[in-house]
Amino acid sequence: MSTTTPTAPAEPERKAPAAKRTKVRPGDRIFSGAARGAGISLLAIMAAIAIFLVVKATDALSKNQGSFLTDQGWDPNTAKPAFGVVTLVFGTVVSATIAMLIAVPVAVGVALFITHYAPRRIAQTLGYIIDLLAAVPSVVYGLWGYIFLAPKLLGLHSWLSDYLGWIPVFDKEQAGVTARTLFTVGIVLAIMILPIIAAVTREVFLQVPRAHEEAALALGATRWEMIRVAVLPYGKPGIISASMLGLGRAVGETIAVAMVLSPSFDLSIHILDPGNTTIAANIANQFGESNEIGRGALIASGLVLFIMTLLVNGAARVVINRRKAFSGANS
Amino acid sequence: MTIRPRSVRRGIGFTGLALAGALTLAACGSDDNSSGDDKKSSTKAAAAPGAEAPKGDCGTGKLAAAGSSAQKNAMDEWIKAYQAKCSGASIDYASSGSGTGRQSFFDKQVTFAGSDSALKPEEVAKAGAACAPGQAINLPMVTGPIAIAYNVSGVKDLTLDAKTIAGIFSGKITKWDAAEIKALNPNAQLPGTAIQTVHRSEASGTTENFTKYLKAAAGADWTFDAAQDWKAPGGQGAKGSEGVASIVKSTQGGISYMEQSYAENSGLGIAQINTGAAAPVKLTPEAAGKAVEAAKIVGQGNDLKLSVDYATKAEGAYPIILVTYEIVCEKGTAADKLPLLKSFLNYTSSAEGQKVLAGIGYAPLPTTVADKVRAAVAGLS
């Protein structure tokens with residue numbers, strides 16, 4: 001460990017850049033000025049947006065007759081505005097959770113297949129196809145979701161409620177004929193975020209030091225054991241980061257959810273029934289016909305989404321930082 | 001001993017929410033046109049002998065408008081026809097939704113706003129501020145019938161009344177062979193399939209007008225508020241008229257409300273309404289026009305806000321209608337926009353302009369109302 005660096009040799013080295021700093025060339029000065037200006041202007045723009053959003057939101061919140069956090073309903077455009085965000089938050093969290101539960105294992109599997117199992121040619125083609133999937137616009141997923149996928153998932157819905165109906169979440173209260181539910185939304189979102197997670201994890205798995213893998217194999221590990229002891233631990237921070245990217249898209253997805261889901265503002269834990277809605281989809285559905293308070297209310301809900309995202313990202317960062325020590329990433 | 005490079009400080013990235021749909025519409029100032037007479041008079045009216053028809057009445061310059069998406073098809077047709085007639089004019093209608101349109105009007109970003117509902121009392125002051133020193137007025141311009149469209153195999157010419165429609169959409173009537181429906185359709189072969197109601201999932205003027213009808217005509221059978229959002233429980237929501245139509249089409253036993261053109265394009269059955277008149281009323285532009293005619297003007301002066309009698313029993317009047325307005329400044333429109341605004345609205349409210357509507361699923365304004373609209377347009381200053 002080089003923490004106890006002798007001071008003597010360090011001194012002249014530290015002086016050297018200081019001496020250089022005295023004769024800065026104009027090009028350097030212009031570039032550093034431009035870079036600093038870009039950084040500052042970004043912060044200024046962000047601050048301006050944040051202030052604008054907060055002002056608009058507080059305006060609407062102060063006129064809210066109901067409770068913003070617990071009300072089930074969204075009536076900000078009436079003379080007595082009342083709106084609450086609880087159903088929206090619930091729908092956002094549940095749909096994103098379903099999406100993550102499906103997408104992360106599959107994406108990690110796809111990435112492992114491409115990096116460690118597939119013959120090189122197949123791996124390349126598969127990689128291209130995955131990148132292509134990421135480029136499909138979300139409105140296409142939305143159309144596909146409600147025209148094609150939802151009717152096909154009807155059978156799965158009744159199967160789940162028949163056999164797992166004793167779990168309250170899988171209990172179907174409405175004898176509905178539609179599968180345009182939070183569950184279906186979760187599946188559509190999973191397909192949408194799969195390519196992002198797979199693409200990033202693939203890159204991370206490619207970074208695993210060859211030495212680690214060969215060491216594991218030399219100790220007699222099978223390929224699966226090698227992946228378990230060498231690749232996955234090394235890639236864990238990367239998998240988490242990739243999942244966060246995917247989660248960001250899942251919670252923020254707007255138009256696909258708005259098209260697939262049959263929304264309602266009544267909170268229902270039965271994910272196989274149509275109902276609930278998400279923050280982003282609600283903004284898309286309400287924005288066009290909103291007056292000033294309605295718009296403020298939507299902005300307030302957007303800020304809730306913003307805070308949720310920050311919290312999740314913060315938690316992920318903590319996990320990544322803790323894992324880093326064990327992963328061998330700093331070897 | 002090597003010196004390690006200083007670790008780059010990591011900043012936490014912020015992500016911004018930019019919800020701003022910025023409408024930047026450049027305003028090209030134009031001087032009064034006097035030589036705006038254009039040569040290619042493509043209209044039939046102008047081709048007739050003694051053509052003093054609104055031909056020389058062309059505005060020039062640019063006009064920005066925004067609002068109701070229910071008006072979109074009508075506006076598109078009108079703008080196309082008007083610009084063909086008046087080569088110097090450029091009109092832009094953004095179908096961003098009534099609420100957004102009204103807001104843009106208050107912010108003076110657009111010269112007129114299309115809206116599914118007249119200005120509400122609390123909005124009048126805001127609109128007045130945008131028109132200072134004048135006032136804003138509502139001009140009914142595009143009216144259209146709302147079809148009750150259904151998908152039941154083997155059933156044609158279904159007849160429903162307000163009570164039954166309310167029962168269906170509130171979930172009290174659940175089967176197609178229910179006694180209430182049978183009583184209205186003694187000769188139809190009604191299957192025992194479940195009724196699947198579909199409503200709009202987003203806030204919309206169509207929902208507002210349909211629920212207004214239910215509230216007015218079904219009385220105690222419809223206990224929910226008339227609002228842009230669907231308030232009744234059950235059923236499934238779909239986004240946009242096209243979404244609603246496609247869900248009904250793919251759902252056996254489905255029923256919903258939508259603009260006529262969507263029902264026809266999807267090949268859905270359209271119910272006729274038993275209003276209490278001698279015979280059930282079929283949905284036609286004329287039948288919807290009759291209901292508009294029966295509406296009372298409740299606005300003051302040139303404000304032509306209408307109060308529709310949804311419970312009308314008038315012979316041949318189709319009661320489920322959507323009345324949309326153009327919101328303009330009676331006084332206080334920018335001088336450089338005024339000639340074009342007047343000329344365009346004069347065209348849209350003319351017999352020629354209104355005739356365009358019938359072909360694309362709307363109903364022309366009855367002449368009595370259209371005359372008043374034209375008079376109000378002529379009075380804009």
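In what follows, chains are A, B, ... by sequence order, proteins preceding strands, each numbered from 1.
Residues that satisfy the side chain to side chain contact (heavy atoms under 4.5 Å, CB included) test with B/Ser266, not counting sequence neighbours, are B/Ala245, B/Lys249, B/Leu268. Judged as a side chain to side chain contact (heavy atoms under 4.5 Å, CB included), and not counting sequence neighbours, the contacts of A/Asp266 are A/Gln72, A/Ser264.
Counting heavy-atom pairs closer than 4.5 Å to chain B, the top residue among A/Leu261, A/Leu143, A/Asp75 is A/Asp75. Looking only at heavy-atom pairs under 4.5 Å with chain B, the residue among A/Glu292, A/Arg180, A/Gln286 that has the most is A/Arg180. Taking chain A as the reference chain and counting heavy-atom pairs below 4.5 Å, the highest number among B/Lys231, B/His199, B/Glu208 is found for B/Lys231.
Only the side chain of B/Thr251 comes within contact range of chain A, judged by heavy atoms closer than 4.5 Å. Both the backbone and the side chain of B/Gln236 come within contact range of chain A, with heavy atoms under 4.5 Å apart. Of the atoms belonging to B/Ser201, heavy atoms from both backbone and side chain fall under 4.5 Å from chain A.
In this model, no donor atom of one side chain and acceptor atom of the other lie less than 3.5 Å apart for A/Glu289 and B/Ser204.
Under the ring pair (Phe, Tyr, Trp, His ring centres under 6.0 Å) test applied with B/Phe169, the options B/Phe210, B/Tyr150, B/Trp222 reduce to a single match, B/Phe210.
Between A/Trp144 and A/Phe148, the ring planes lie parallel to each other; the angle is under 30°, not in the 30° to 60° tilted range.
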